[in-house]
Each structure stands twice: as C-alpha cells, then as structure tokens.
Amino acid sequence: MTSRIQPCPTESGRALPSSFYRRADVIRIARELLGKFIVTGGIGRKTVGMIVETEAYVGVTDRACHAFGGRRTIRNEAMYAAGGIAYVYLCYGLHALLNVVTHRRGAPYAVLIRAVEPIGGLALMRRRRGAQVPDRRLTAGPGSLTQALGIGVRHNGVNLAGPEVRIEDRGVRISPSGIAARPRIGVNYAGADARRPWRFYLLGNPWVSQR
DNA sequence: ATGTCGATTTGCT
DNA sequence: GCAAATCGACATA
C-alpha cells in the first residue's frame with residue numbers, strides 16, 4: 001500500500017470542519033474556499049466541482065448583503081445560523097444560488113459560490129444542463145453550477161459536511177499570487193459597497209464566469 | 001462585440 | 001408595482 005505524494009482531485013478528501021466556517025473573517029474564508037471541492041449526490045450520481053470563484057457578503061453593514069441593516073426574512077434566515085451550513089435562495093425567480101454561511105450564530109455573513117471547475121460526474125452535469133451547453137459554460141456562473149451539481153432550494157440550511165452537499169479539502173494549495181480580487185458582480189445598486197474587491201477567482205481558470 | 005429581453009419568486013414600498 | 005447576488009436567446013453592428 002503506497003501513499004500518494006501529489007494531491008489527486010478525483011479522490012475523496014476531508015470535509016472542512018465547522019471551525020473553518022465559524023471564523024469571523026469572511027473575506028479570508030472566501031479566498032480560502034478557492035481550490036476546495038463541492039461534492040453532491042450518492043453512489044452512481046456523484047458530481048464534483050472545484051471552487052474557482054467566490055464572493056464575500058459582509059453582514060449587516062454591506063449594502064449588497066441580503067442581511068444589510070439586520071434584515072431578516074424567511075428567505076435569508078439561514079444566514080443568521082452558525083457557520084457551516086448552506087444558504088440557497090432563488091434568484092430572479094429561476095436560479096438557485098449557493099452560499100456558504102460563516103461566522104457565529106446571529107452574524108449574517110456568507111460566501112457566494114460563483115463558479116466551479118467540473119471534476120467528476122461530467123455526464124450527469126451535461127444531462128442536467130442540456131446537451132447543447134458547451135463544457136465551458138457547464139459550471140461557470142452561480143446559477144449554472146447549482147444546476148450542474150443538482151443543488152436547489154431544498155438544500156437551504158443543510159450541513160456542508162453532510163451527504164447532500166459536502167465541501168472537501170483535497171490537498172490543492174492556491175498561492176495568493178494566483179488569486180484576483182475584483183468588485184462583485186450584479187450589485188450595482190449597493191453604492192460604494194459595489195466597488196469593494198470582494199469577488200475572488202483563480203487567475204486564468206477557464207471556468208470563471210465571464211459577463 | 002454589445003444591447004435588449006423574457007422567465008418568474010421574493011421582499012419591500 | 002418593481003427590482004433583484006442570472007442566464008440564454010436573439011437582434012443589431
């Protein structure tokens with residue numbers, strides 16, 4: 001029995017512990033989620049994607065955050081739970097968007113997953129997305145990756161170390177110089193907060209969303 | 001390459 | 001009623 005030296009993205013890894021999510025610095029967590037893996041589905045229906053693009057939503061003072069000013073609704077209730085669960089909501093009435101809830105209970109911080117690189121279960125992803133969709137657009141964009149991974153609003157509130165949606169560390173290490181920090185997408189209504197560089201992505205990765 | 005538009009749930013006025 | 005953490009189709013250039 002030999003052990004591998006290089007990390008292999010097609011093997012299973014360790015689910016991130018709740019301590020990863022429950023830290024106060026959501027910006028740091030957004031950066032550290034790059035290169036982690038989202039795994040969905042059971043035996044025979046497994047799909048895997050490596051996170052390549054994220055955005056931080058920074059609590060009650062962030063005008064772009066659903067919890068700005070302490071807003072608390074049925075929809076965004078999951079943001080107020082302790083870190084380590086999913087906040088999945090319906091955007092424009094159509095697209096399920098996946099967020100990672102962070103920080104402590106009562107502190108509504110979250111990281112939006114904007115794009116993943118397809119790693120496993122490609123055939124199932126193509127079936128879910130439609131045969132005419134090119135691989136380049138399979139999981140590029142927050143509404144696209146959830147469709148490819150089979151994530152919907154039914155996953156709102158699920159534990160991210162659990163079987164439905166699991167985020168794993170598979171040993172991929174990202175150097176800070178490989179990460180771009182830019183303004184977030186689609187939040188122009190948020191005034192000065194729209195310009196803050198809280199969108200992070202892997203430089204040169206083909207699955208980063210375009211637009 | 002850039003622009004407009006429709007699909008359609010949720011929350012705020 | 002209207003805008004929203006989007007996407008893809010279609011139009012025009």
Side-chain angles (χ1 to χ4, degrees), chain A residues 21 26-27 29-31 33-34 38 47 49 51-81 83 85-103 107-118 125-158 160 165 167 180-202 206-211:
Chain A
Y21 302 103
V26 69
I27 305 284
I29 295 172
R31 298 177 70 103
L33 280 169
L34 297 172
I38 303 179
T47 47
I51 299 171
V52 300
E53 182 180 356
T54 61
E55 282 177 359
Y57 285 85
V58 192
V60 299
T61 61
D62 176 5
R63 296 194 101 85
C65 183
H66 287 167
F68 173 69
R71 278 199 310 264
R72 193 163 185 157
T73 64
I74 304 275
R75 181 178 71 161
N76 74 8
E77 182 62 29
M79 291 186 93
Y80 287 86
I85 67 168
Y87 166 41
V88 183
Y89 78 96
L90 209 54
C91 185
Y92 294 98
L94 304 168
H95 307 288
L97 267 53
L98 171 66
N99 293 258
V100 169
V101 174
T102 74
H103 210 323
Y109 292 70
V111 177
L112 171 67
I113 308 301
R114 282 197 60 88
V116 304
E117 176 174 331
M125 290 189 194
R126 293 187 187 107
R127 204 180 320 149
R128 285 172 173 152
R129 293 278 291 132
Q132 69 280 25
V133 173
D135 280 3
R136 281 307 162 78
R137 298 206 185 120
L138 207 54
T139 57
S144 300
L145 88 271
T146 54
Q147 188 180 25
L149 293 173
I151 294 170
V153 290
R154 69 189 175 283
H155 295 108
N156 187 38
V158 300
L160 292 171
V165 181
I167 301 185
R182 294 286 185 284
R184 294 171 293 182
I185 303 291
V187 295
N188 294 319
Y189 58 87
D193 287 336
R195 302 224 275 255
R196 305 200 190 281
W198 289 342
R199 172 186 176 225
F200 305 98
Y201 60 88
L202 295 185
W207 282 273
V208 170
S209 68
Q210 304 297 321
R211 211 153 296 252

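Chain letters run A, B, ... following the sequence lines, proteins first and then strands; every chain starts at 1.
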Peer 1: Would the distance check show the side chain of A/D193 and the main-chain N or O of A/A64 forming a donor-acceptor pair, the cut-off being under 3.5 Å?
Peer 2: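 Side chain of A/D193 to backbone of A/A64, a donor-acceptor pair under 3.5 Å: no, none is there.
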Peer 1: May I ask you to decide if A/E53's main-chain N or O and A/R114's side chain share a donor-acceptor pair within less than 3.5 Å?
Peer 2: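 It does not hold such a pair.
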Peer 1: Answer yes or no: is there a donor N or O on one side and an acceptor on the other, between the side chain of A/R184 and the main chain of A/R199, under 3.5 Å?
Peer 2: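 No, the answer is negative, given that no donor and acceptor are paired below the 3.5 Å cut-off.
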Peer 1: Angle class for the A/Y87/A/H66 ring planes (parallel below 30°, perpendicular above 60°, tilted otherwise)?
Peer 2: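 Taking A/H66 first and then A/Y87, their aromatic rings stand perpendicular (interplane angle over 60°).
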Peer 1: Once you round it to whole Å, what is the distance between P of C/dC7 and CD1 of A/I185?
Peer 2: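 The answer, rounded to whole Å, is 10 Å.
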Peer 1: When every nucleotide of nucleotides 6-13 of chain B is labelled 5' to 3' by its protein contacts under 4.0 Å (heavy atoms), B for base, S for sugar-phosphate only, - for none, what sequence of letters results?
Peer 2: -BBBSSS-
Peer 1: Does A/A30 offer a backbone N or O that forms a donor-acceptor pair with the side chain of A/T54 under 3.5 Å?
Peer 2: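 Yes.
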Peer 1: Using only atom types and a distance under 3.5 Å, with no angle test, would you say the side chain of A/N99 pairs donor to acceptor with the backbone of A/A110?
Peer 2: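 Not at all, since once roles are kept as given, no pair shorter than 3.5 Å links the two residues.
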Peer 1: Paired with B/dT10: which nucleotide, if any, by Watson-Crick or G-U wobble criteria at under 3.5 Å for both distances?
Peer 2: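 Across any shown strand, B/dT10 pairs with C/dA3.
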Peer 1: Shorter than 3.5 Å, N or O on both sides, protein versus nucleotides 8-11 of chain C: list them out with atom names.
Peer 2:
from, atom 1, to, atom 2, distance (Å)
C/dG8, OP1, A/R129, NH1, 3.1
C/dG8, OP1, A/R129, NH2, 2.6

Peer 1: Distance between the P atoms of B/dC5 and C/dC2, in whole angstroms?
Peer 2: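 So the two P atoms sit 15 Å from each other.
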Peer 1: Between B/dT2 and C/dA5, how far apart are the P atoms? Round to whole Å, please.
Peer 2: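 My reading of the P atoms in C/dA5 and B/dT2 gives 24 Å.
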